[in-house]
Peer 1: 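Below is the structure I would like to discuss, written out as structure tokens.
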Amino acid sequence: MEKILNYIDGELRASTTGRWLEVIEPATATSYGQLSDSGDEDLELAVAAAQSAFPAWSRTPAEDRGRMLRRLAQKIEAMSEPLALAESIDTGKPITLTRKVDIPRAARNLHFFADAATQFASEAHYMEAGAINYTLRMPLGVVACISPWNLPLYLLTWKIAPALAAGNCVIAKPSEITPVTAWLFSRLCQEAGLPPGVLNILHGNGPGIGQAIVAHPGISAISFTGGTATGASIARTVAPEFRKLSLELGGKNPSIVFADADWEPMMAGVVRAGYSNQGQICLCGSRVLVESSVYEKFRDEFVTRVGALQIGDPLNEDTEQGAVVSLAHRDKILDCVEKARQAGGKILTGGSALEPDAERCRDGWFIEPTVIDGLAADSDCNQEEIFGPVVSLIPFEDEAQALSIANGTRYGLAASVWSGNIGRCHRLAEQLQAGLIWINTWMMRDLRTPMGGVKNSGVGREGGLEAMRFFTEPRNVCIKYR
Ligand code: TXE
């Protein structure tokens with residue numbers, strides 16, 4: 001059985017606590033590894049290693065830091081097939097998805113910030129009074145990157161790449177539920193010759209080592225992606241100490257469908273937005289708002305398409321829906337469906353746990369892709385993040401009503417608008433309360449653009465030079481020369 005170790009000061013080490021957590025494959029419900037459950041002593045070692053690596057790494061020319069990130073990207077590319085397989089086993093998501101999306105995009109994150117390291121510039125301001133200001137963008141020191149289970153390698157690299165590019169040293173904490181790709185990545189860091197201490201990866205559970213990292217006074221900034229409740233708890237710890245914090249949290253994102261949408265790409269896009277990775281992406285469109293004149297046509301076709309999604313062993317090439325990530329998560333999703341039923345929702349398809357045909361997966365945690373309608377816009381199912389393959393359909397009469405339903409939740413991460421009326425699309429883009437808006441598409445990402453949400457979906461933006469700015473502190477220098 002594989003032992004997953006911490007990566008501290010360039011070495012792979014078991015936790016000093018001597019404790020281990022089980023790592024379980026969601027598709028089979030069997031344990032296939034043991035994970036170091038780190039404690040305070042591991043954290044002290046990691047912080048000390050990062051602090052001693054910082055002076056040299058922060059003074060390393062940006063071009064050389066970029067070169068190192070590119071080497072890491074190339075290592076991922078060279079290992080893409082084993083990584084795709086590991087991530088599929090670890091998360092339960094279809095291998096076609098990990099091959100096409102997660103692993104290539106993880107490499108792209110590192111390539112992008114390898115370039116960004118050399119393109120990152122600061123400002124200068126001339127004053128007529130005879131002075132010039134220039135702004136230094138100094139790395140912060142030791143920063144923490146805490147990532148969730150739904151896109152484990154993608155989100156780990158998305159966070160550590162800008163932090164490292166800007167000259168910081170990092171303590172990363174992957175999710176204890178899906179730690180395997182981070183473990184493989186730490187071995188790639190060794191092979192690539194990343195200087196010891198520049199990146200340290202501590203494994204273990206959230207309330208334990210996660211909370212200890214957040215509370216550690218040696219950590220200057222925290223970049224976190226995960227649930228809204230966890231984000232709120234981290235904010236409570238960090239706020240009184242005025243440390244920098246970026247939170248990318250949950251969403252209850254609307255897909256808004258107008259009658260004049262280009263039908264075929266819209267249908268395919270809305271299904272993909274609802275059910276990619278079994279609905280376990282913070283950007284998934286879990287509320288589908290449909291103009292009433294086409295509501296019935298849309299509903300019937302949507303239900304047919306969702307009912308036809310191929311559920312099965314994530315390792316099969318033709319599987320479109322794999323397992324959800326854990327037993328607890330499966331039960332939480334099923335509980336939400338049950339509550340929706342009790343609130344008067346009609347389950348149009350799905351709604352139950354499922355035992356797939358594959359013998360290997362008989363005990364796995366699978367859920368039928370589910371479509372519900374008939375619920376009020378303010379019902380729990382339409383307000384709270386379920387984070388599973390569950391989509392609720394809501395009819396609307398006109399643009400104003402669509403907007404008010406779309407904005408009527410505490411979240412504001414993403415929205416997609418499907419319409420052939422370009423004026424309307426722009427109007428909605430202006431008024432939707434969301435950090436990311438897609439028009440006639442979903443989840444197209446340009447890494448140069450800011451990523452993050454408003455309201456309870458978080459604070460701060462990741463992505464592009466915005467992320468590099470987050471990981472630096474501006475220091476203004478004013479020189480009087482006259
Ligand atoms: O995430 P957690 P969970 C949502 C989704 C899901 C819910 C809970 O709705 O059902 O969150 O998921 C670490 N201090 N999203 O409980 O707990 C933890 O170890 C420091 C949305 O699995 O937020 C992991 O590394 N760290 C989402 C990371 O935080 C702590 C992605 C995320 O775990 C900690 C995942 C603490 N006190 C879930 N407690 C998105 N926005 O993409 C936990 N952690």
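Counting convention: from 1, in listed order, for ligands and their atoms alike.
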Peer 1: At a 4.0 Å threshold, what atoms of ligand 1 neighbour a non-hydrogen atom of Pro174?
Peer 2: 25 (O)
Peer 1: Return the option from Glu384, Glu385, Gln211, Glu248 holding the heavy atom at the smallest distance from atom 14 (N) of ligand 1.
Peer 2: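 Of the listed residues, Gln211 has the closest heavy atom.
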Peer 1: Nearest protein heavy-atom contact for atom 42 (O) of ligand 1: which residue, which atom, what distance?
Peer 2: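 The closest one turns out to be Cys282 CB, 3.2 Å.
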Peer 1: With a cut-off of 4.0 Å, which atoms of ligand 1 are near a heavy atom of Val214?
Peer 2: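 Those qualifying, in numeric order: 20 (C).
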Peer 1: What residue and atom, counting heavy atoms only, is the protein's closest point to atom 41 (N) of ligand 1, and at what distance?
Peer 2: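 Atom 41 (N) of ligand 1 sits closest to the protein heavy atom Leu249 O, 3.0 Å.
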Peer 1: Looking at the rings of Phe387 and Trp149, which for Trp means the six-membered one, are their centres under 6.0 Å apart?
Peer 2: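 Yes, they do, as the ring centres are separated by less than 6.0 Å.
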Peer 1: What atoms in ligand 1 come closer than 4.0 Å to a heavy atom of Lys332?
Peer 2: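 Ligand 1 atoms under the 4.0 Å threshold to Lys332: 9 (O), 10 (O).
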Peer 1: Please state which protein non-hydrogen atom is closest to atom 3 (P) of ligand 1 and give its distance, to 0.1 Å?
Peer 2: Trp149 NE1, 3.6 Å
Peer 1: Under 4.0 Å, heavy atoms only, figure out whether ligand 1 is touched by the backbone of Gln280, its side chain, both or neither.
Peer 2: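 Looking at Gln280 and ligand 1, no heavy atom falls under 4.0 Å.
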Peer 1: Considering the heavy atoms of Lys173, write down every atom of ligand 1 situated less than 4.0 Å from one of them.
Peer 2: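 Answer, ordered by atom number: 18 (C), 19 (O), 25 (O).
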Peer 1: Which side-chain N or O atoms in residues 201-211 pair as donor and acceptor under 3.5 Å with protein atoms at least two apart or in another chain?
Peer 2:
residue	atom	partner	partner atom	Å
Asn205	OD1	Gly208	N	2.7
Gln211	NE2	Thr237	OG1	3.2

Peer 1: Run the side-chain hydrogen bond (donor to acceptor under 3.5 Å, both in side chains) test against Glu241 and tell me which residues pass, sequence neighbours left out.
Peer 2: Arg243
Peer 1: For ligand 1, which atoms have a heavy atom of Glu176 less than 4.0 angstrom away?
Peer 2: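 What qualifies from ligand 1 is 18 (C), 19 (O).
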Peer 1: Only one of Thr28, Asp313, Asn316, Thr30 clears side-chain hydrogen bond (donor to acceptor under 3.5 Å, both in side chains) with Arg360; which?
Peer 2: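 Exactly one option meets the side-chain hydrogen bond (donor to acceptor under 3.5 Å, both in side chains) with Arg360, and it is Asp313.
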Peer 1: Please determine whether the number of non-hydrogen atoms from other residues, nucleotides or ligands lying under 6.0 Å from atom NZ of Lys332 exceeds 12.
Peer 2: yes
Peer 1: Ligand 1 and Thr225, any nitrogen or oxygen pair closer than 3.5 angstrom?
Peer 2: no
Peer 1: To the nearest 0.1 Å, how far is atom 1 (O) of ligand 1 from its closest protein heavy atom, and which atom is that?
Peer 2: Gly227 N, 4.0 Å
Peer 1: Any idea which part of Ser147 is under 4.0 Å from ligand 1, heavy-atom wise: side chain, backbone, both or neither?
Peer 2: backbone
